[in-house]
2 protein chains.
Amino acid sequence: MAEKPSGSRDDARSVALLWNTRERARRGPRPALSWERIVAAAIALADAEGLEAVSMERVAERLGFTTMSLYRHVPGKAELVALMIEAAIGEPPALAAPERWRSALEEWAANLLGTFQRHPWALTATGRLRLMGPYELGWLETGLSALSATPLDPAERHAACLAVLAQVRSIAQFSLAPPKGSPGLTGERWNAETRALLRVRAERFPELTAALDALRLRDRPPAPGSGLGFVLDGIARRVAQRGARAPAGRPRR
Amino acid sequence: MAEKPSGSRDDARSVALLWNTRERARRGPRPALSWERIVAAAIALADAEGLEAVSMERVAERLGFTTMSLYRHVPGKAELVALMIEAAIGEPPALAAPERWRSALEEWAANLLGTFQRHPWALTATGRLRLMGPYELGWLETGLSALSATPLDPAERHAACLAVLAQVRSIAQFSLAPPKGSPGLTGERWNAETRALLRVRAERFPELTAALDALRLRDRPPAPGSGLGFVLDGIARRVAQRGARAPAGRPRR
DNA sequence: TGATGACTGTGTATCTGGTACACTGTTACG
DNA sequence: CGTAACAGTGTACCAGATACACAGTCATCA
């Protein structure tokens with residue numbers, strides 16, 4: 001069967017892999033390969049040449065095994081990608097104490113952005129709704145606990161985290177350097193090419209032209225007036241509101 | 001050559017297609033097909049069965065032509081998808097007057113969300129940085145002009161629009177109904193399955209467990225305490241700040 | 001008006017990539 | 001020590017994109 005890039009019947013299998021530690025086989029030859037090595041090779045490949053370069057064949061080649069040998073350790077490509085995501089994300093970071101929720105969230109966002117910058121393919125790979133592994137959910141947990149000392153209720157904390165995550169994804173898309181093989185666009189290049197398109201039609205797109213001309217690609221993410229700044233300010237406002245009235249949800253720690 | 005799902009050397013070709021109106025051929029038999037019909041068929045197919053179901057063969061089949069006939073009208077699949085995006089997005093909406101920037105932006109977001117709900121595949125298809133067509137840039141222009149009466153400078157307006165867009169994408173991912181063919185996850189289903197995973201491990205993920213239990217999937221997007229609410233509040237704060245000092249950027253209309 | 005070349009749709013072939021399946025050899029357990 | 005479970009291999013097949021050559025059509029121009 002051909003690739004099913006966003007198939008997700010495999011999600012079930014992926015989940016089993018991500019959450020179950022399977023014990024070593026008791027019989028048979030000792031494995032020369034392991035899914036850990038496969039995943040590492042696949043990640044190295046994806047880092048270097050992008051997710052499209054990751055084929056079972058090329059991963060196997062890197063490892064010096066045949067294509068089909070991979071299937072002894074990984075059920076299929078979809079599951080491999082799921083494992084790659086988990087491995088690339090890794091252990092969630094330690095954040096500032098939740099009393100300073102804002103800097104904790106900023107740290108969280110910065111760490112997340114760092115991950116996306118180290119592994120640009122992860123942005124695409126995580127682009128669809130799918131079941132997650134322990135690391136990935138651990139990141140979410142960490143993000144949420146950055147808000148645990150605020151009077152926000154759990155649903156609001158969740159919304160806040162997802163909002164920050166969405167901003168990080170948006171920032172990442174512009175600031176990622178696409179790998180050599182795939183001539184993906186840089187943010188700079190997108191900007192330049194789009195301005196070129198608009199140059200002839202500046203009257204039809206006055207606001208956009210102005211925006212692209214003024215675009216500050218250099219601004220560090222949580223700068224005021226940036227997307228992340230807006231989100232954090234919005235959260236702050238809600239925190240202030242909630243704090244003024246009765247604290248909602250569980251009491252603050 | 002096999003599919004290059006996120007190749008973008010083709011972006012150049014796509015742009016030519018999206019921005020240039022090519023005049024009819026002067027010789028030869030009158031075409032029975034047109035790229036408009038191809039795009040319409042492809043969109044219908046994607047709406048019904050998801051983007052993965054869109055293959056040149058299946059599109060051609062729907063039209064009663066051979067696979068290769070499509071290539072007379074569309075350079076390749078990447079370009080077809082680009083055209084699909086443009087067609088699905090369509091003419092940008094008319095918004096409230098920019099004096100009420102907040103409701104204008106809310107309308108903009110709602111319209112965008114509507115588009116994603118009518119064409120769930122568009123979320124994936126627009127997931128990478130790529131050159132855009134006139135409609136898509138028109139939407140951006142419209143979003144920016146919702147902020148044209150505010151004292152925000154052009155870069156801030158741009159950041160604000162992208163922030164709203166990022167929220168819409170995030171919301172869409174949870175609220176989309178995946179098409180029949182691909183067993184993609186609904187937000188509800190994601191929630192249920194993830195809670196099931198966490199049930200055994202509630203101590204490791206206390207915040208997340210609480211968040212998922214409290215999750216209000218029903219809240220309409222710009223509700224206070226939602227992601228979009230945070231963004232809009234954050235923008236409002238900046239507007240107030242800027243308004244208090246000297247207006248930045250071009251003077252308000 | 002008829003030749004002609006541009007253009008349309010078609011059929012065939014090739015390439016990439018995922019994966020099913022059967023085979024061979026290995027090793028721990030009974 | 002036999003044997004069943006397991007590892008890696010080789011071959012085969014399928015889906016999907018697309019290059020290419022061919023045959024029919026029709027506006028234009030000699």
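Per chain, numbering begins at 1; letters A, B, ... match sequence-line order.
Map B:Pro29 and B:Pro75 each onto its nearest nucleotide of DNA chain D; the residue landing nearer the 5' end is B:Pro75.
Between B:Glu49 and B:Arg58 a salt bridge is recorded (basic side-chain N to carboxylate O distance below 4.0 Å). Taking 4.0 Å as the cut-off between side-chain N and carboxylate O, A:Glu193 and B:Arg130 do not count as a salt-bridged pair.
Shown for residues 62-69 of chain A: residues whose heavy atoms fall under 4.0 angstrom of DNA chain D, namely A:Phe65, A:Thr66, A:Met68, A:Ser69.
For the pair A:Ile38 CD1 and D:dA7 P, the computed distance is 11 Å after rounding to whole Å. Between the P atom of C:dG17 and the CG atom of A:Leu80 lies a distance of 15 Å, rounded to the nearest Å. The separation between A:Arg37 atom CZ and D:dA7 atom P is 14 Å, rounded to whole Å. In this structure, A:Arg72 atom CZ and D:dG10 atom C1' are separated by 13 Å, rounded to whole Å. As rounded to whole Å, 15 Å separates atom C1' of D:dG10 from atom CG of A:Leu70. One interatomic measurement links the two molecules: CH2 of A:Trp35 to C1' of D:dA7, which rounds to 18 Å at whole-angstrom precision. Distance B:Arg58 CZ to D:dA15 C1': 12 Å, rounded to the nearest Å. The OH-C1' distance, from A:Tyr71 to C:dA20, rounds to 10 Å in whole Å.
The closest donor-acceptor contact from the side chain of B:Glu79 to the backbone of B:Val74 lies at 3.5 Å or more, if one exists at all.
Close to C:dT26, at under 4.0 Å from its OP1 or OP2, lies no side-chain N or O of A:Arg27. An OP1 or OP2 oxygen of D:dC6 is reached within less than 4.0 angstrom by no side-chain nitrogen or oxygen of A:His73. Residue B:Arg30 places no side-chain N or O under 4.0 Å from the OP1 or OP2 atom of D:dT25.
Annotation: ring pair (Phe, Tyr, Trp, His ring centres under 6.0 Å) contacts of A:Trp190 (sequence neighbours excluded): A:Phe174.
Taking the side chain of A:Lys77 as heavy atoms from C-beta on, and the options C:dC23, C:dT19, C:dC7, the nearest nucleotide is C:dT19. Among the nucleotides D:dG8, D:dA17, C:dG9, the one closest to the side chain of B:Met56 is D:dA17.
Taking 4.5 Å as the limit, every side-chain heavy atom of A:Arg195 sits out of range of all side-chain heavy atoms of A:Thr209. For the pair A:Thr126 and A:Arg169, the minimum side-chain heavy-atom distance is below 4.5 Å.
When heavy atoms are screened at a 4.0 angstrom cut-off, A:Arg26 is found touching the sugar-phosphate backbone but no base atom.
Counting heavy-atom neighbours within 6.0 Å of B:Arg201 CZ, excluding the residue itself, gives a total above 12.
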